[in-house]
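Below is one structure, written out as structure tokens; the observations come after it.
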Amino acid sequence: MRSLRSCRRRGAIVGTVTLCLAAGWALQTPGGVSLIVPQPNINATVAQNILLSVEYSCRGIATVEWKHVSSWGTTKIVEWKSGNYINISSAYKDRVTTFENGSIQLLNVGMRDAGYYFITVTEEYGTNTYGTIILNVYEIIYEDLHFVVVLFVFLAAVSAILICFMWLCNKSLYLFQKKTHKLTASTTEEIELETIEC
């Protein structure tokens with residue numbers, strides 16, 4: 001009976017030690033990747049610079065890849081390995097800045113930039129995780145209104161100038177007609193006087 005109990009105790013101790021060693025080995029073994037997307041929905045206006053912010057962590061070396069999916073299709077934006085190469089697609093060559101935490105910045109966004117942005121972080125041991133950011137891009141309406149207001153003011157100014165010009169022309173014509181009428185009247189008087197003298 002004692003030997004059975006001692007065997008069970010030894011087995012429990014060995015099991016506990018094995019479990020502790022396995023947990024310690026799992027903590028030391030590289031693997032596992034986590035990703036945080038603090039702002040999964042972004043609203044922007046045309047020509048604005050946008051930060052697609054994420055934060056990843058892993059024990060090994062990670063490869064980060066961003067893709068854009070919209071009604072225009074799927075486009076690979078950039079791929080890089082931490083501390084190594086950066087491969088930016090030609091469509092985004094001068095418009096993308098990458099950051100060590102996995103974030104990217106898009107410069108001068110347009111209507112075609114609206115859509116879904118997918119990030120994939122793959123650790124060197126094969127573990128990966130995914131994240132999504134939705135970008136909504138709106139046209140700047142107040143600039144259109146500003147243009148309309150400027151156009152209206154310009155047309156009002158042109159109308160005022162034309163009205164003043166027409167008033168001056170009318171006034172000049174009136175003075176010219178008055179002067180012509182006086183000349184005609186004085187000439188008629190002279191003719192009448194000459195006729196009487198004759």
Side-chain angles (χ1 to χ4, degrees), residues 9-148:
R9 282 185 191 157
R10 277 190 221 148
I13 291 170
V14 169
T16 306
V17 170
T18 305
L19 186 62
C20 289
L21 288 173
W25 178 79
L27 289 173
Q28 290 177 356
T29 304
V33 59
S34 66
L35 177 68
I36 298 169
V37 181
Q39 194 176 358
N41 201 333
I42 299 174
N43 294 321
T45 52
V46 171
Q48 192 175 350
N49 298 337
I50 298 302
L51 179 66
L52 301 176
S53 178
V54 296
E55 183 77 42
Y56 81 88
S57 63
C58 68
R59 295 189 191 100
I61 297 170
T63 302
V64 180
E65 181 185 56
W66 280 92
K67 286 184 180 177
H68 175 226
V69 178
S70 70
S71 57
W72 303 96
T74 301
T75 309
K76 183 176 177 179
I77 301 170
V78 63
E79 180 183 14
W80 77 90
K81 190 174 276 191
S82 53
N84 289 328
Y85 72 94
I86 295 176
N87 183 16
I88 300 174
S89 71
S90 58
Y92 290 89
K93 208 65 168 172
D94 300 322
R95 296 185 54 224
V96 171
T97 306
T98 60
F99 299 94
E100 277 298 312
N101 66 355
S103 302
I104 61 172
Q105 184 178 36
L106 286 178
L107 305 176
N108 196 25
V109 295
M111 296 301 291
R112 290 183 71 144
D113 290 314
Y116 297 88
Y117 288 82
F118 295 102
I119 177 173
T120 305
V121 181
T122 307
E123 197 222 7
E124 60 184 328
Y125 297 99
T127 310
N128 54 22
T129 188
Y130 308 93
T132 306
I133 295 176
I134 301 169
L135 176 63
N136 303 302
V137 181
Y138 302 99
E139 291 188 74
I140 306 171
I141 297 172
Y142 72 85
E143 282 192 358
D144 294 338
L145 292 175
H146 179 73
F147 173 75
V148 169

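Because the structure is a prediction, the values reported are computed rather than measured.
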For this session: Please lay out, stage by stage, how Met111 and Val46 fare under the test side-chain contact (heavy atoms from CB on, under 4.5 Å).
Result: CA-CA 7 Å; Met111 296 301 291; Val46 171; 3.8 Å; yes
Problem set entry | Check against side-chain contact (heavy atoms from CB on, under 4.5 Å), Val37 and Thr132 | CA-CA 8 Å; Val37 181; Thr132 306; over 6 Å; no
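Legend: residues meeting salt bridge (Lys or Arg N to Asp or Glu O under 4.0 Å) with Lys67, ordered by chain and number and at least two apart, are absent. Remark: Ser57 engages Ser34 in a side-chain contact (heavy atoms from CB on, under 4.5 Å) (not counting sequence neighbours). With sequence neighbours left out, Asn43 forms a side chain to side chain donor-acceptor pair (under 3.5 Å) with Asn136. Residues passing the side chain to side chain donor-acceptor pair (under 3.5 Å) test with Thr45, sequence neighbours excluded: Gln48. For Asn49, the side chain to side chain donor-acceptor pair (under 3.5 Å) test picks out no residue, with sequence neighbours left out. Checked against side chain to side chain donor-acceptor pair (under 3.5 Å), Thr129 has no partners two or more places apart in sequence or in another chain. Legend: residues meeting side-chain contact (heavy atoms from CB on, under 4.5 Å) with Ser103, ordered by chain and number and at least two apart, are Leu51, Ser53, Val54, Phe99, Asn101.
Sorted by first and then second residue, the side chain to side chain donor-acceptor pair (under 3.5 Å) pairs involving residues 80-90 (not counting sequence neighbours) form an empty list. For residues 109-119, the pairs satisfying salt bridge (Lys or Arg N to Asp or Glu O under 4.0 Å) are Arg95-Asp113, with sequence neighbours left out.
Within the model, atoms CG of Leu52 and CD1 of Ile133 stand 4.5 Å from one another, a figure rounded to the nearest 0.5 Å. Taken to the nearest 0.5 Å, the OG atom of Ser70 stands 7.5 Å off from the OH atom of Tyr117. We find the CG-CD1 distance between Leu106 and Ile104 to be 5.0 Å, quoted to the nearest 0.5 Å. Atom OG1 of Thr122 is separated from atom CD of Glu79 by 8.0 Å, given to the nearest 0.5 angstrom. For the atom pair CD (Glu124) and CD1 (Ile61), the distance works out to 5.0 Å, reported to the nearest 0.5 Å.
Of all the heavy atoms in Trp66 and Gly102, the pair that sits closest is NE1-O, 2.9 Å.
In summary, Glu123 and Arg59 do not engage in a salt bridge, as defined by a charged side-chain N under 4.0 Å from a carboxylate O.
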